S.K.: 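The structure's right below; bear with me while I get my questions together.
Just so we're on the same page: letters track the sequence lines, and every chain starts at 1. Just so you know, these numbers come straight off a predicted model, no measurement behind them.
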There are 2 protein chains.
Amino acid sequence: MAIAKNQDIKLAVDAIVFGYNQNELQVLLVKQKFGEMANKWVLPGGFINNDEPLKDAVIRELNEEAGIRVDYLEQLYTYGDNVHRDPRGRVVSVAYYALVDPSQFNITAGSDAKDAKWFPLLKVPKTGYDHNKMIQYASTRLSDKIQYQPIGFELLADKFPFSDLENLYITILGKQIDRRNFRKKVLASEILIETNEFASNVVGRPGKLYQFDKSRYYELAKSGWQLDLKFL
Amino acid sequence: MAIAKNQDIKLAVDAIVFGYNQNELQVLLVKQKFGEMANKWVLPGGFINNDEPLKDAVIRELNEEAGIRVDYLEQLYTYGDNVHRDPRGRVVSVAYYALVDPSQFNITAGSDAKDAKWFPLLKVPKTGYDHNKMIQYASTRLSDKIQYQPIGFELLADKFPFSDLENLYITILGKQIDRRNFRKKVLASEILIETNEFASNVVGRPGKLYQFDKSRYYELAKSGWQLDLKFL
DNA sequence: TCAAAAGTGTTGAGTTTACACCCATGC
DNA sequence: GCATGGGTGTAAACTCAACACTTTTGA
């Protein structure tokens, strides 16, 4: 098997970046400035440099196109079965999904992008390429995964009231969850640290703030334990 | 974002093909004939043709290198963070894993391969490239996935005695499972069709043969139901 | 004092585990 | 008739779902 001299396939990365804000799950899109997709909303992404690890390419593109640095990044799927998915030629794209607390950033359109904006997941416009499909798949992965991995915390502030976590799960899973049962289950897992602080500037009684205990989680995970936050 | 003119990255696929035989999980490896990896055992795989969907490339390579046609094929992960994973230059590889009933095939070394052979998972030799890592990851995925997707059947004959299914789970999960509880759980899911046939040429009492009811499963899955075969 | 959201326990139903003996077949 | 593996039921422990009132705060 000689190294494929005649292969002419370009390799790109795309990122589905999720943010959570006020009971809404959001996706980051950028408006293309140039090319066939000019003025279309697409996922941030782009071609990989020859000596660049895939993950670095995603991080670079997110920074270049939207001025954002994500907390959690995971490979999702590689789109390469449809040979015409990019009108410019054969492009295979490795899609990643990322989670970020959007209150930490002001997103800014970069050099390649005319605009960069959060869209509520339910109001994502028709995008260029096969990016709607990617967003769809990433959403499914996210709602599956928060039920057995502690990734929801990446969407929240470092310290958060219990109700934020609960509303996040209600939003992502799209169903009501009993408050008492939710609290019981999460607390039983012992992956939260209770602080002595309380939410400020809120309507109603301020909730006590909690933190995700990452090192405790790794310890538990090492011995085979797994989060289990399934409901109903 | 112009189409990357100077990009020089090759794209390949690799397949981790699992077979199950007599209480042993096996992996298919081929011995390289040419190049830097000559005489090394590696996963079947190779470069993608310009106008070829990724999945087709895997199917083609499996046929060319080992004369095998798989029943179940799923994308696993794309290896492209280590830019030196292939000594010939920058190669990004999309890994797939596949499940097959090995009794259906006589594997045959193809044109690019000196040899093709099943290795018990626990006795896989040191392979070329990063293929041991791929096998490791695929094994983890397999044992996770058989607990909530009916993919185990792909490793068995069309009609199988209950004990085959049970031993498959014991082998893949690496733990003992109570026979009565296993049977109860599987039968409760109603995804098996009981035939009137019995195992033949066996020692001891022949077990009744069952079939996986694929259409029944799809029906159940459509309404949100999920297999749940976790134990202990 | 009112509105808004936080905090808190118990019970019944259902599920999961643990466990041992008899049955059918081939030699 | 013996060795081998197949087939079967039940009780106790545990887990999950359902459910409503009191507390704290700011306006």
S.K.: Counting only N and O atoms by type, is there a donor-acceptor contact under 3.5 Å from the side chain of A:D178 to the main-chain atoms of A:N181?
M.R.: yes
S.K.: A:R141 side chain to A:L76 main-chain N or O, any donor-acceptor pair under 3.5 Å?
M.R.: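 It does hold such a pair.
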S.K.: Quick check against the 3.5 Å criterion: does A:S189 have a side-chain atom that pairs as donor or acceptor with the backbone of A:L227?
M.R.: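 Flag not set: sc A:S189 to bb A:L227 has no pair under 3.5 Å.
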S.K.: Calculate the interatomic distance between B:N201 atom CG and D:dT4 atom P; express it in whole Å.
M.R.: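 After rounding, the reported distance stands at 18 Å.
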S.K.: Looking at A:D81 and B:K55, does any basic side-chain N land under 4.0 Å from a carboxylate oxygen?
M.R.: no
S.K.: For A:E65 and A:G45, indicate whether the former's side chain and the latter's backbone hold a donor-acceptor pair under 3.5 Å.
M.R.: yes
S.K.: So, B:D115 side chain and B:N39 main chain: donor-acceptor pair closer than 3.5 Å or not?
M.R.: no
S.K.: So which of residues 149-172 of chain A are in contact with DNA chain C, with a heavy-atom cut-off of under 4.0 Å?
M.R.: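 Within this stretch, A:S163 sit under 4.0 Å of the strand.
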S.K.: Apply side chain to side chain contact (heavy atoms under 4.5 Å, CB included) to B:N23 and list each qualifying residue two or more places apart in sequence or on a separate chain.
M.R.: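 Result, side chain to side chain contact (heavy atoms under 4.5 Å, CB included) vs B:N23: B:Y20, B:N167, B:T171.
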S.K.: Name all residues meeting the side chain to side chain contact (heavy atoms under 4.5 Å, CB included) criterion together with B:E194; count only those two or more places apart in sequence or in a different chain, and write none if there are none.
M.R.: B:K208, B:Y210
S.K.: Output one letter per nucleotide in nucleotides 17-27 of chain D: B when a protein non-hydrogen atom lies under 4.0 Å from the base, S when only the sugar-phosphate is that close, - when neither is.
M.R.: BBBB--BBS--
S.K.: For a side chain to side chain donor-acceptor pair (under 3.5 Å) check, start with the C-alpha distance between A:Y217 and A:Q149, then their side-chain angles and the critical distance, and finish with the verdict.
M.R.: CA-CA 10 Å; A:Y217 169 71; A:Q149 297 257 275; 3.2 Å; yes
S.K.: Mind checking what makes side chain to side chain contact (heavy atoms under 4.5 Å, CB included) contact with B:A98, not counting sequence neighbours?
M.R.: B:V17, B:V70, B:L73
S.K.: Go through DNA chain C in 5' to 3' direction and return only the first and the last nucleotide with some atom under 4.0 Å of chain B's heavy atoms.
M.R.: C:dT17 to C:dT25
